Amino acid sequence: MTPADGLMPAADGLPASVHGSPLPDNGPAAAAPAGRADARAARKPNLAVVGATGAVGGVLLGILSERADIWGEVRLIASPRSAGRKLTVRGAETEVLALAEEVFDDIDIALFDVPDEVSARWAPVAAAKGVVVVDNSAAFRTDPDVPLVVPEVNARAARARPRGIIANPNCTTLSMIVALGALHAEYGLSELIVSSYQAVSGAGKAGVDVLRSQLSAVSGTELGTTPGDVRRAVGDDLGPFPAPMALNVVPWAGSLQEDGWSSEELKVRNESRKILGLPDLRVAATCVRVPVITTHSLTVHARFEREVTVAGAHEILAAAPGVVLCDAPEEGEYPTPADVVGTDPTWVGRVRRSLDDPLALELFVCGDNLRKGAALNAAQIAELVAAELTGH
Ligand SMILES: NC(=O)c1ccc[n+]([C@@H]2O[C@H](COP(=O)([O-])OP(=O)(O)OC[C@H]3O[C@@H](n4cnc5c(N)ncnc54)[C@H](OP(=O)(O)O)[C@@H]3O)[C@@H](O)[C@H]2O)c1
């Protein structure tokens with residue numbers, strides 16, 4: 001199967017358990033008053049989308065329109081700048097409301113797709129009103145009282161949410177973790193060395209706008225042949241990036257942290273450890289931005305406790321929910337962002353056993369950073385919670 005076949009646009013290949021059938025009870029859920037819980041079980045849950053006008057929010061509205069419609073009301077929320085705008089979800093034009101405490105009245109689950117500081121302030125406000133928050137920002141991901149959930153890997157963790165908040169992982173981690181979770185279950189992961197090739201939409205709408213305008217500036221020219229010629233052509237407005245993105249790759253994503261690491265690189269390390277339940281996992285990541293609109297790619301060197309084989313890894317990946325194996329280099333078949341964009345699964349190719357280490361595999365992984373990397377994973381978590389709340 002190749003992504004170029006155009007297979008599975010928006011089909012995620014996930015098992016029923018990830019689409020909302022009940023999970024075994026394995027921990028305390030956020031407390032809800034008994035009366036309210038009974039009332040909730042009797043009707044379809046109401047959903048709020050906070051950040052509906054953004055890059056992730058826009059994709060989420062499409063996903064909500066495509067997937068099984070389990071929701072009562074879907075309420076759209078953004079900043080006061082967007083209040084009154086109309087967006088389409090589930091085929092209906094819906095007015096955007098400005099974020100305020102009262103917009104969470106009668107809401108059961110809220111998906112937050114807003115900047116970190118907005119989530120940090122408003123997610124607890126919603127949670128205090130009994131709303132289960134699924135947050136896409138980095139504000140709560142490392143909080144020990146907030147589970148970090150990927151339904152194919154650790155769905156049960158979503159049930160233990162003392163703060164009423166569930167965190168959605170960072171798009172770079174999410175673009176590889178479903179495949180790695182499947183391999184870990186068989187071989188026991190001990191070390192990860194990854195390099196990312198991250199799309200500009202990972203930096204939001206502003207990232208996409210700046211790449212498109214830079215591509216117009218360099219299109220049809222002979223630029224890219226002398227130092228600084230691209231920089232001069234694209235001008236000073238680099239948007240959210242530290243260097244031109246057109247005709248370039250930039251070894252930087254996120255903010256500067258201690259000892260030269262970027263925040264994105266530390267997220268890959270911390271979040272992989274938390275999702276897989278491996279607090280001592282050795283992780284080294286180098287995050288690189290590339291001139292791709294949407295779909296992150298990663299090269300992965302994964303070392304395991306047990307000896308690996310390519311045939312064994314193929315078998316695991318071919319059977320793993322949410323993963324598509326696309327690995328026939330002799331026929332030119334491997335995933336690329338241009339083919340994977342707009343699809344739901346994690347695509348894996350170039351599977352090799354390390355030449356110098358029988359415990360290690362080399363992989364190339366692609367995943368749409370706005371779908372599984374953000375909106376789809378959050379929608380899947382919301383569906384898990386909805387099933388739990390309604391007892392279905
Ligand atoms: N892009 C990705 O690949 C990706 C992947 C995973 C996670 N995330 C995370 O998801 C979140 C959203 O990212 P994005 O890429 O969609 O960003 P974006 O395109 O910049 O959109 C931001 C959204 O937040 C809203 N917003 C901003 N300030 C607000 C405020 N004070 N009150 C209420 N709403 C406010 C915006 O509303 P207005 O339109 O009204 O300004 C907009 O809907 C971020 O935390 C990001 O780190 C992004």
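Counting from 1, the numbers follow the sequence of the chain as shown. Excluded from the calculations below are hydrogen atoms, water molecules and symmetry mates; all remaining heavy atoms, backbone and side chain alike, are included. Quick caveat: nothing in here was measured; it's all calculated off a predicted structure. Both counts, for ligands and for their atoms, begin at 1 and track the order of listing.
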Identity of the nearest option to atom 35 (C) of ligand 1, non-hydrogen atoms only, from Ala52, Ser175, Ser79
Ser79
Checking heavy-atom distances from atom 45 (O) of ligand 1 to each of Asn369, Leu370, Val96, Val114, the winner is Val114
So with a 6.0 Å cut-off around CD of Glu315, is the heavy-atom count from everything else above 12?
no
Would Ala374 count as being in polar contact with ligand 1, using the rule that some N or O on each side must be under 3.5 angstrom apart?
no
Which of the atoms of ligand 1 are close to Lys205, meaning less than 4.0 Å from one of its heavy atoms?
19 (O)
Nearest heavy-atom pair of Asn46 and Asp108: which atoms, and what distance?
N-OD2, 2.7 Å
Ser272 versus Leu281, closest heavy-atom pair with distance
CB-CD2, 4.5 Å
Candidates Asn168, Leu99, Asp113; heavy atom nearest atom 23 (C) of ligand 1 found on Asp113
Would you mind checking which non-hydrogen protein atom is closest to atom 43 (O) of ligand 1, with the distance to 0.1 Å?
Thr53 OG1, 2.6 Å
Atom 26 (N) of ligand 1: which of Gly57, Pro115, Cys171, Ala203 has the nearest heavy atom?
Pro115
Evaluation steps, side chain to side chain donor-acceptor pair (under 3.5 Å), between Gln257 and Glu265:
CA-CA 9 Å; Gln257 306 294 309; Glu265 289 158 353; over 6 Å; no
Counting heavy atoms only, name the option from Ser201, Ala55, Ala199, Gly204 that's nearest to atom 1 (N) of ligand 1.
Ser201
